[in-house]
Amino acid sequence: MKTQSIFPKSRPGVSGASIIDADFDTGPTDASWFDPADVREDSIGLPEMSEVDVVRHFTNLSRAAHGVDNGPYPLGSCTMKYNPKRNDVLSTLDGFAHAHPRQPEPTLQGLWDMMLELQEFIAEITGMDFVSLQPAAGAHGEFAGLLAIRRHFEQLHHDRNIILIPDSAHGTNPASAAMVGYQCKIIPTTSDGMMDLDAMEHHLDQRVAGLMLTNPSTLGLFDENIQKIAEKIHANGSLLYYDGANLNAIMGITRPGDMGFDVVHINTHKTLSTPHGGGGPGAGPVGVKAFLEKYLPAPVIRRIHGRAAPDDNRPMSAGRVKSFFGHVEVLLRAYCYILTNGADGLRTASENAVLNANYMRARLADLLPPVFAQRCMHECLLSGGSLKVNAFDFVKRLIDFGVHPPTLVGAGCVHFAKEYDAAMLIEPTESESRISLDFIIEQFRRVAREAAVAPYMIETAPHTTDVAKIIKDQNAWIQLLEATKY
Amino acid sequence: MKTQSIFPKSRPGVSGASIIDADFDTGPTDASWFDPADVREDSIGLPEMSEVDVVRHFTNLSRAAHGVDNGPYPLGSCTMKYNPKRNDVLSTLDGFAHAHPRQPEPTLQGLWDMMLELQEFIAEITGMDFVSLQPAAGAHGEFAGLLAIRRHFEQLHHDRNIILIPDSAHGTNPASAAMVGYQCKIIPTTSDGMMDLDAMEHHLDQRVAGLMLTNPSTLGLFDENIQKIAEKIHANGSLLYYDGANLNAIMGITRPGDMGFDVVHINTHKTLSTPHGGGGPGAGPVGVKAFLEKYLPAPVIRRIHGRAAPDDNRPMSAGRVKSFFGHVEVLLRAYCYILTNGADGLRTASENAVLNANYMRARLADLLPPVFAQRCMHECLLSGGSLKVNAFDFVKRLIDFGVHPPTLVGAGCVHFAKEYDAAMLIEPTESESRISLDFIIEQFRRVAREAAVAPYMIETAPHTTDVAKIIKDQNAWIQLLEATKY
Amino acid sequence: MDEKNPVNGYNVHTLKDRREMLDAIGLSSIDDLFSQIPSEIRLHRPLNLPPAQSEWELDKRLHALAAQNATTRTHLSLLGGGAYEHYIPAVVPTLTARGEYLTAYTPYQPEMSQGILRVLHDFQIVMGRMLGLPAVNCSVYDGATALAEAAWMACSITNRRHVVVTEALWPEYSQVLNTYMRGRNVTVSVIPTDAMTGSMDLEKLAGSLKDTPAAAVLTQTPNGYGVLEPIEHISKMCHSCGTLSNVSCYPMMLGCLKAPGKQGADIVTCEGQSLGLALNGGGPYLGVMATHEDNIKFLPGRIVGECDDLKMEKALALVKESREQHVARDKATSHICSNQALLAMRILVYLSAVGEHGFQKISRLNASKAHYICERLCELPGVRRTHTGHFFNEFLLDLPCETAPLLVTLQKQGIFGGIDFSRLYPNSDRKLLLAVTETKSKTELDRITDVFRRAIAELGGVIRS
Amino acid sequence: MDEKNPVNGYNVHTLKDRREMLDAIGLSSIDDLFSQIPSEIRLHRPLNLPPAQSEWELDKRLHALAAQNATTRTHLSLLGGGAYEHYIPAVVPTLTARGEYLTAYTPYQPEMSQGILRVLHDFQIVMGRMLGLPAVNCSVYDGATALAEAAWMACSITNRRHVVVTEALWPEYSQVLNTYMRGRNVTVSVIPTDAMTGSMDLEKLAGSLKDTPAAAVLTQTPNGYGVLEPIEHISKMCHSCGTLSNVSCYPMMLGCLKAPGKQGADIVTCEGQSLGLALNGGGPYLGVMATHEDNIKFLPGRIVGECDDLKMEKALALVKESREQHVARDKATSHICSNQALLAMRILVYLSAVGEHGFQKISRLNASKAHYICERLCELPGVRRTHTGHFFNEFLLDLPCETAPLLVTLQKQGIFGGIDFSRLYPNSDRKLLLAVTETKSKTELDRITDVFRRAIAELGGVIRS
Ligand SMILES: Cc1ncc(COP(=O)(O)O)c(C=O)c1O
Ligand SMILES: Cc1ncc(COP(=O)(O)O)c(C=O)c1O
C-alpha cells in the first residue's frame, strides 16, 4: 500500500494528548502579554487526531522502511553495522536525558567524567594526543579539524590556502574545506587504486595547507604509500588530515596517529555503532596531535583541579562550531560500544569487517570481478561491467530479496571517477554472520542468473515494494556530476 | 514469506551477548558443587546466534502479527482498545521494575501507596467496599471471588455447592466454579437476549451459593431485570457474582455494587487499557461488599498505623491464589489510565464505547441485521445468516482489508448458543475514531458486495497473509462443543 | 454531558461526530444510549476520583511513587526466595515491546498472527528442551499456580485425589497449592526434610507413599533451603507406586544441571521470572509446565501447534482447545484464559540472546559466585551453613546473632543481606537465606563479606563452636 | 589472535567460520588480511582500553555515571537560554525507536524507504506551516548552525558578504556565526538593543543598513533577554535595502504568535529541541530552516520531494541533490551530510501527538505560567523585570542581591533558579534569566516564589527603589 501523509487524516477538534491544567486553563491568550499585531489569529495547520491514530500512522509507516534491524545493509562506505540495543537504553537514562546544558558545572559530574574518558579512548584508538567531542557529524569534524589547521598557519603567519584532496574523497571533504575558506586541488587515483603520488607532488608547494586522506579509502583500499605521503607532506610544512569514516577497518591494527596524520575525525555513527536514524544524528569527534590542541573549538573537557570539567577558556581556539558540548546521547553509545568490546573486541570487529569484505569479494569474483587487484579492506569495489543489465537496475532487484543495495554512483554519497560508474561498493560490516553473508552472496548470484534469462524482471524491479522503481532525475544528476567535475 | 523457527538459524559457537567476568570465568563446573550424577553433560539445545540476528529474527516475525497499534481490532468481548504508550513507560520505571517482592516492607512504600490508591479507585468505579489486586487475570479473579463466597457459606455452615451461570457466560465462569468445587447449573437465554428468569427461579434452592452474571452480557445487552434478579438471589440467601469483563460499557454510568452484586472482578486488560501481549499478562482485581472482605486472599494492602502496607494476617482468608502481591506492572497501567482520564474521562470512554457499537450496528443493519432488537451496549451481535457466504469465511476476508475479524463461534473465546452460530460479535471500543469506524464499516460492506459476485474470493481468503486460511480441526471443535453441551 | 465537548484522556470524537453518530443511530442524546439501565441503579454523580492529569503531571506522580521504593538497583541485594535479580539484556524489552507483539490479542486469527504463534511455538520448544519434557504450554500465571495446576493434572491423570509435597516449598507455593487442592477436594500430605542434608527425607516419603496412593509427589529443587533434591531417586520411588513425579525447579540452574524431565520427572514446572523478566515488585511473572506427550490432554492453557492451511502448507495455530475453558467449560483442565504470553516471548528472546554458551556461562557464574561468598561468610566466626546438601546459588546460614538486627545493619550500608528465614518458615531463628546471581562482581561480594564481618562483630553474637 | 576464539562484544563468527572464510579467500591467517599495512605503522600491542564488560557491568557503570548528574527531574528547573524542559509524550520516543526508523540509513534507496521519506516529507510540511515559509530541509545540526548556514545562504542569494546581527543572540550562536562567517570571509556587524525595551535598537539598525549593504539582518526572537522582536518592522527595513530578514525563533511560541515567515522574514531558522526532544545535556538537537521556494537551491541539507515511479505513480525521494556535497562538492551549499533526521521524525510525531489544539494550549500555558511567576517575583522587594518589551516564557530580572549566591541558596532547596546572566553576557551583575514551561504546576511556582523570597531576604540584598 502506498504511504499516506498524516494531514488528510486530521480531524479538527480531536486531540490525542489531553493537556489539562486547571490552574491555568484560561482560554485565549491574555491581551496584555503580546503586541496584538503579533498574536496568532489563524490555526497553524497541525494534524489533529487521536493518540491511537497517531500510533497506527507511524507504526504502519515504519513498515515501509528497512533498517539494519530488518536485514543485511551492505551499503558501501556507510558501515551499516549492528546498533546494540543496550546502547539505546543506556544512552537515554534520566541522568543524561534530562540534564540541562546550562546547569551549574558541578551538577553534571557524570557527564564530564564520561566525556573525558571517551576523549581518552578515542585518542588511544586513533593514536592522537587530544580529542574534542563537540562536532555533530563527520563533516562537522572535518570543519573543526580544518579550522584548527587554518588557525595553526595563521599563528605561523603562513599564507597557505590550498587543501589537496584525492578524487575518491567523500563529498564532505571538499565541501568542508570550502567552508573553512580553502581552495581544493584534486589528486587523481592511479589504476591500482592508490592516490597518484606524482600528481600530489606536482601540487605540493608553499600554498598547500594540507592533504585530506581517507585510509583505507572509499575504494576499500589501504594506501600503502602512506608513510611516503606523510613524509612529503610534512617536509613541505603542510599537515595531514585523516577522514576517519573508514576507521572500522583498522581498530587495534593501525592508527592514523602512527601513520603520520596530524588531525583525525571519526564518525561514531559508522565505527562506534550509532544507529543512523534515517540520516542522523551522528557525532564527529576530532582528534589532533599536541601542537594543534589549543586550536580546537571551545569548550573541551579537561581535568581541572583533579576533576573533569568543561574548559571554556581557550583564547587560541578556532572558535565554536555548535551550541553546548556535543551530541551527548550519541557519544554515550560510542562509550558503551568501546566498553563492551574492549581492546580485543574492537580488534576482532575490524578483523571481521575486513574478513567479511574479502569473503564477499572472493565469492563474487566470477560474476563481479574486483575493480582492483589489491586485497580489499572493509569494503570491496566490484565491477558490474560484464553484467547483462546495468548496475543501477541490478541492485534494485536485490531489494525484492531482502538485501539493501550496495553503493553506486548516484545511489549513495560516494564519489567515483567516471571509469567506475558500473561499479558497486559493498561493505558487509563485521556484524554479518557467515549465514548472512552466504545469503547476500546467493541473492547477488540469483539476480545475475536472472539477468541472463529474464532481464525484464530486473529492469522493472523492485516488484515487492510499495512503489515501483523511482527514476528521479538520474540523467540530470549525471549531467550535474559532469558540470561540477574538476 | 512464511515465518521461520529460530532453531535452524542457530550456529553453535556463536554467542550474541558476550558474558565476561574475569574474576569467575573458571571454565567447567566445579566438581565439588554438585552431585556428579546431576551435572549436565550435553547441551540444552538453545539457539546460538549473534545479537543482530536475534534482533532481525524477532523484528521481522513481529511484522507477521497485528495489534491495536496496527489497525482496528473489533474483536467482540475482548475490548481491544488503545493501550497508551505513556503507561508502557511509567509502569516500567526502575523504582518498580527492580523492586524485589521480599524487600523489607518499609522499603516499598511507593508500591503500597499505589496499590492502596488503586484498590480505592476500583472500589469506587465498581461500587464495592473493598478490592484485592492479587488475581492474575479475569479467571483468577473469578476464582478468588468464588473462594470468598465459598468461605462465607462455610462460616455460616451452609452447604451450598451450586453456582448458576447463564449459557452466554464466558467459559472461565463455569471453569472457575468447578475449580472452587462448585457444580454449575446453566440458565438459558430468552429470545430477547436476557437471562431466562423463570429458569433461574426453577433452579434456585438452598443448594445455590450464587449466580455469576456479566452485565452487560457477552451478547452486548444490558440485562434490565438485574434488580429483580438481585432481589431473588438475595432472598434465597445466595450471592450475586459480577463478571466485570464488560465493565467498559458502564464506567461512571452504573456500578455493579449498586446493581446488587456482592462480588466483582474486573479485567484491567480490557477496561483499564493493559495491552494484551498476544495473550497476557493482564490482572483481575476482585472487589467485595464489606461482609466478604475478610475472606479475600492474603495479602491485601491496608492502611496500617497511618501507612499503606501489606496485611498478611488474615486468618479468615480463603487462601492465597498466587505468589506475592499481584501483577504490579499491569496494575500500574490501570492506575495511570484512571489518573489520565479522571471521572469525566472514564465516563466519556464508556459513552463512546457504547456510541461506537450502536453506530456500527445501525450502519450495518441492512447487511447484518442485529440478532436482538434491544439497543446494544459496548458490542453488538449481528446476524450473518443472510450472507451469501458463511460467516467464518466472511470475516477472514476482512483481514485482507486491514480489519481484524469480529468474534465468531470457534474464533474467539465466547460461547454462543447454537442458534447464533452465524452471528458476529463486534466491539469497536471507544478508541476508534469516526474515520476508523467508517473505514471498518466500508470493509464489511465491501466484503458483502464481493460475496454476491465473487464468493470464491471470500471462501479462499485471506489472500494477503503469510499463510492461507487455516482450517484447524473446526469440525472436531464443533463436535466437541456438542459433546460438552449442557 | 452532551452539551460540552467530551472529556477523555484519549479523545477520539468531536462533539459534532457524536451528534452525527447519534443521528445515524436515531437517538437524540448520549443519555438515550443508556436508557435500558434503570434509573434507580444509575450513578447520578461523577465518580469520586482524582482530577484528570496531563501526561507531565502523571509522569511526576509516578516518578515520585517509584522514588519511594528502594530496589535491587539502589541496594546490593542477596534476596531470592523464588524471585531473582538476573541480568536482562536490553534486546529483551526492546523486541517484545514492538507494538505488533504488545498490542495483539490471543492469536485467535492465526492467519494474521503467524509471528506471535511462531514465537510461542519456539517458546514451547525451548522450554521443552530446558525442562527435559516435550509437551509445554504457553504459560500459566506463575510458578506457584503452575505447581498447583500440575498437582491437579496428576490427579486427573492418575485418577487419585491425594498428593504428597515437600515441606520445603516456598511458603507461597504451599499456600497456593492448598487453596487450589481444597476446591478440587484433594488431600495434601507433607514430607519433612532431613535436618542435616536439608533435602527430602526419603524414608518418610517411602512411608507416606505406602500409606496412601498418591497422584504425585511434589518436589521443589533447589528447595526452600536452597538444597538440591535427588530427583532421579524420588522419581523412581514415585514410579514404583504409580505416582507421578512433579518437580518445580529454578530454571537458571539448568545450565549446570540435568533437566528434571531427563531425571524421571513426569511434570516439570517452573517460575520463569529468572529468564529475562524484571522483578517488578512480585509480578507479572509466569509459570511454565512441561510433561510427556501423552499427558497433553490434561495440560492447562494455550498450546500452539502445526496445522495445514488451504494450500496444504504448514502453518501455526492454537490447537487442542478441547481442554480449554472456552470449549470444555466446567470440564476444562483449568480456567486459565488470559495468561502470560508476552512474558513467554520474553523468555524466548532472552534465551536466544544469551544462547547456549552464554546461558551455561551465566548459570555457572551464579553457582561459582554463590559458592565463593558462602565460603567467605562461613569463615566468619559463628557463621556456618545449616545444611550439607548441595546447592546452586542460594543457601541457608546459621548466624551467631539475631537475624533481624543484622539485616538492619546491613541495610544501612546499602545491602539487602538476604531473607530472614523466620519470615518464611516458623521457628527459624538466627537463620539467613542468601541468593547470589551473576550480577554481583567479586568486589561487591568482598565488600558484602566485609560488611557482614563488621556487623556480626558489632552485634556481638554468641560464638558457636 | 588466530588461535583462540575471536573475542567481541557482538560475536558473529566461530573460529571455524573464520578459518573456512580465509580458505575461500585463499589466505592462511587473519594477519594476512592486513599484509598491505606496513609493519612500521602497525600497532604491535593491544589498545590501552578498559577490559570488555558484560552488559550488567556496563549497565551499572552507566547508571553510576548518570547518578552523578543532577537533572531537571531531580531539581525544579527554570533554566532556558536556548534549551527548554518541555513535556515529551511517551508516543514520541516509542514510535521513533522502532527499528525500521532507528537503524535505517539516509533513504538513498527510496523504493524501500517510503516510510521514512513520508515522515520527513510531512516534517517539512509541518515545519513550513509552523515557521510560515514553504521550503524546509530535513534538518541541520542545531539552532546555532542553522542560523550560521542561513547567514551564508543570504550571502549566496544576495551576493553580498556582510551580515548584520543582533547583540542579543545566545552567545553560542554568535560564536558559531563568527566561526562560520570567518571561513566564508563574511563580515559581521552587531546591532545593540534598546536598554529599556530590550528589543533591537532600530535606529542603529537603520544606520548600519545604510552604511554597508548587508546580505541579511539576523534577528533572534525571543532574543537573549527573552524579549520578542518586531519582526514585521525589521523585515520591512531589510527589504527596503535588498537585505534579507533572517529570523531565528523559539518554535514553542508559535502557538501564541504569528509565524515569522508570515511577518516578512525570508529565512526562518529554529532550534527544534523544544518540540519533543530531550535536553540530553545539550545534544543532539536539530536546526530547522525554512525559506521561500525561490531560495531552495541555496538551502543546505536533504530535501524530500515527490517524484514519479516507473508506473507513473507518485512516490517520494530525496530531490534537488545538486545543492549537496556529494554532487557539488566544494561548490555545495553546505558540507552537511549526516544530519538530525531521527529528531526531525520526533518533531513530527510530537506535533501530531499534541495536535493543533494541544500545541496552542501548551504554548499558552508557557506564556501564562511565565507571566504568573514573573508577576509574583516582581512583587518581592528589589526584584523587577529589566525590560519593558513583551516576552513569551523567558525574562530577565534585576535582583537586589548578587546572582551567584542566590542561585546557590535556591539549589540547596532543589531549585535551578535560572541562568546567572553574567555567564551569558559580560557586565550583567545582579541579573537572572528565568524560563518557565508548561511542566511547572502552580503549586511548584508558588513554592519557587516562596524560596526566592526567603533567599533574597537572607542574602540581605540592597533594596533598589
Ligand atoms: C568517507 C567519508 N567521509 C566523511 C563522511 C561524512 O560524515 P557525516 O555524514 O557524518 O558528516 C562520510 C559519511 O558518509 C564518509 O563516508
Ligand atoms: C466475559 C468474560 N469473562 C471472563 C473472562 C476471562 O478473563 P481472563 O482472560 O482475564 O481470565 C473474559 C476474557 O476474555 C471475558 O470476556
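Letters A, B, ... are given to chains in the order of the sequence lines, protein chains preceding strands, and every chain is numbered from 1.
Counting heavy-atom pairs closer than 4.5 Å to chain D, the top residue among S323(A), A362(A), A137(A), G319(A) is S323(A). Most heavy-atom pairs under 4.5 Å with chain D, from the set A343(A), A468(A), P275(A): that is A468(A). Looking only at heavy-atom pairs under 4.5 Å with chain A, the residue among V349(D), N185(D), I419(D) that has the most is V349(D). Heavy-atom pairs under 4.5 Å with chain D were tallied for G342(A), P84(A), A175(A), A37(A); the largest tally goes to A175(A). No other option in P230(D), A144(D), S334(D), G81(D) has as many heavy-atom pairs under 4.5 Å with chain A as G81(D). Comparing V39(A), I399(A), V54(A), I253(A) by how many heavy-atom pairs each has under 4.5 Å with chain D, the most go to I253(A). In terms of non-hydrogen atom pairs under 4.5 Å with chain D, the most contact-rich of P47(A), G278(A), P101(A), G95(A) is G278(A). Counting heavy-atom pairs closer than 4.5 Å to chain A, the top residue among S113(D), A67(D), C256(D) is C256(D). For the set D17(D), I231(D), N48(D), the count of heavy-atom pairs under 4.5 angstrom toward chain A peaks at N48(D). Considering only heavy-atom pairs separated by less than 4.5 Å from chain A, the leading option among G26(D), C138(D), A367(D), S77(D) is A367(D). Taking I336(D), L351(D), V126(D) one by one and counting their heavy-atom pairs under 4.5 Å with chain A, the maximum is reached by V126(D). The choice from D94(A), V180(A), L108(A), T92(A) that makes the most heavy-atom pairs within less than 4.5 Å of chain D is L108(A).
Within the 4.5 angstrom heavy-atom criterion, only backbone atoms of P51(D) (N, CA, C, O) approach chain A. Contact annotation for L27(D): only side-chain heavy atoms (C-beta onward) come within less than 4.5 Å of a heavy atom of chain A. Using a 4.5 Å cut-off between heavy atoms, Q411(D) touches chain A through its side chain atoms alone. Contacts of E142(A) with chain D are absent, with no heavy-atom separation under 4.5 Å from either backbone or side chain. Contacts of Y82(A) with chain D are made by side-chain atoms alone, with heavy-atom separations under 4.5 Å and no backbone atom involved. For chain D, the nearby part of D88(A) is the side chain; its heavy atoms alone come within less than 4.5 Å. With a 4.5 Å cut-off on non-hydrogen atoms, R61(D) touches chain A through its side chain but not through its backbone. Looking at Q360(D), only its side chain comes within 4.5 Å of chain A, counting heavy atoms on both sides. With a threshold of 4.5 angstrom between heavy atoms, H371(D) approaches chain A through side-chain atoms but not through N, CA, C or O. Using a 4.5 Å cut-off between heavy atoms, L257(D) contacts chain A through both its backbone and its side chain. With a threshold of 4.5 angstrom between heavy atoms, S35(D) approaches chain A through its backbone and through its side chain. The parts of L90(A) that come within reach of chain D are both its backbone and its side chain, each placing non-hydrogen atoms under 4.5 angstrom from that chain. Proximity to chain A (any heavy atom under 4.5 Å) is shown, for H63(D), by both the backbone and the side chain. I25(D) touches chain A through backbone and side chain together, each having a heavy atom under 4.5 Å away. T72(D) touches chain A through backbone and side chain together, each having a heavy atom under 4.5 Å away. Within the 4.5 angstrom heavy-atom criterion, atoms from both the backbone and the side chain of A259(D) approach chain A.
Salt-bridge check for K322(A) with D142(D): passed, with a basic side-chain N closer than 4.0 Å to an acidic carboxylate O. For the pair K396(A) and E111(D), the salt-bridge criterion is met [side-chain N within less than 4.0 Å of a carboxylate O]. Between K369(D) and D23(A) there is no salt bridge, since no side-chain N of the basic residue sits under 4.0 Å from a carboxylate O of the acidic one. Salt-bridge annotation for E313(D) and K2(A): present, with a side-chain N of the basic residue lying under 4.0 Å from a carboxylate O of the acidic one.
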Stepwise, does the side-chain hydrogen bond (donor to acceptor under 3.5 Å, both in side chains) test hold for D122(D) with S5(A)? CA-CA 6 Å; D122(D) 277 353; S5(A) 167; 2.9 Å; yes
Determine, stepwise, if the pair L102(D) / N83(A) fulfils side-chain contact (heavy atoms from CB on, under 4.5 Å). CA-CA 9 Å; L102(D) 187 65; N83(A) 312 119; over 6 Å; no
Take Y10(D) and N341(A), measure what side-chain contact (heavy atoms from CB on, under 4.5 Å) needs, and give me the verdict at the end. CA-CA 8 Å; Y10(D) 306 96; N341(A) 278 292; 4.0 Å; yes
Criterion ring-ring contact (aromatic ring centres under 6.0 Å, His included) on F143(A) and Y180(D), from CA distance to verdict: CA-CA 9 Å; F143(A) 184 61; Y180(D) 273 64; 4.6 Å; yes
Any chance you could lay out the side-chain contact (heavy atoms from CB on, under 4.5 Å) test for L228(D) and D35(A), step after step, and finish with the verdict? CA-CA 9 Å; L228(D) 294 163; D35(A) 181 339; over 6 Å; no
Before you tell me yes or no, could you show the steps for L47(D) and R255(A) under side-chain contact (heavy atoms from CB on, under 4.5 Å), namely the whole-Å CA-CA distance, both residues' side-chain angles and the distance that decides it to 0.1 Å? CA-CA 10 Å; L47(D) 288 168; R255(A) 311 190 302 174; 4.1 Å; yes
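T59(A) and R98(D) share no side-chain donor-acceptor pair at under 3.5 Å. No hydrogens or angles considered: nothing links the side chains of N280(D) and H327(A) as a donor-acceptor pair under 3.5 Å. There is a side-chain donor-acceptor pair under 3.5 Å between H269(A) and S338(D). Q227(A) and E40(D) share a donor-acceptor pair across their side chains, judged by distance under 3.5 Å alone. Side-chain polar atoms of N178(D) and R320(A) form no donor-acceptor pair below 3.5 angstrom. Remark: the Q103(A) side chain and the N69(D) side chain contain no N/O donor-acceptor pair separated by less than 3.5 Å. Checking H98(A) against T71(D) by side-chain atom types alone, no donor-acceptor pair falls below 3.5 Å.
Annotation for R375(A) and Q36(D): closest pair O-NE2, 3.3 Å, computed over non-hydrogen atoms.
The shortest side-chain heavy-atom distance between V55(A) and L95(D) falls under the 4.5 Å cut-off. With contacts defined as side-chain heavy-atom distances shorter than 4.5 Å, the pair E48(A)/H357(D) qualifies.
Of the possible donor and acceptor atoms, one in the side chain of Q325(D) sits under 3.5 Å from a partner among the backbone N and O of T172(A). Side-chain atoms of R129(D) come within 3.5 Å of backbone N or O of G45(A) as a donor-acceptor pair. No donor-acceptor distance shorter than 3.5 angstrom exists from the side chain of S176(A) to the backbone of H335(D), with no hydrogens or angles considered. In terms of modelled atom types and a separation under 3.5 Å, the side chain of K258(D) and the main chain of R40(A) share no donor-acceptor contact. The main-chain N or O of I41(D) is found under 3.5 Å from a side-chain atom of T254(A) such that the two form a donor-acceptor pair.
For F416(D) and H100(A), the ring centers are positioned 6.0 Å apart or more. Aromatic pair F24(A)/Y372(D): centroids less than 6.0 angstrom apart.
Within a 6.0 Å radius of NZ in K314(D), more than 12 heavy atoms belonging to other residues, nucleotides or ligands are found.
Aromatic ring pairs are classed by plane angle as parallel below 30°, tilted from 30° to 60° and perpendicular above 60°; the pair H276(A) and Y105(D) is tilted.
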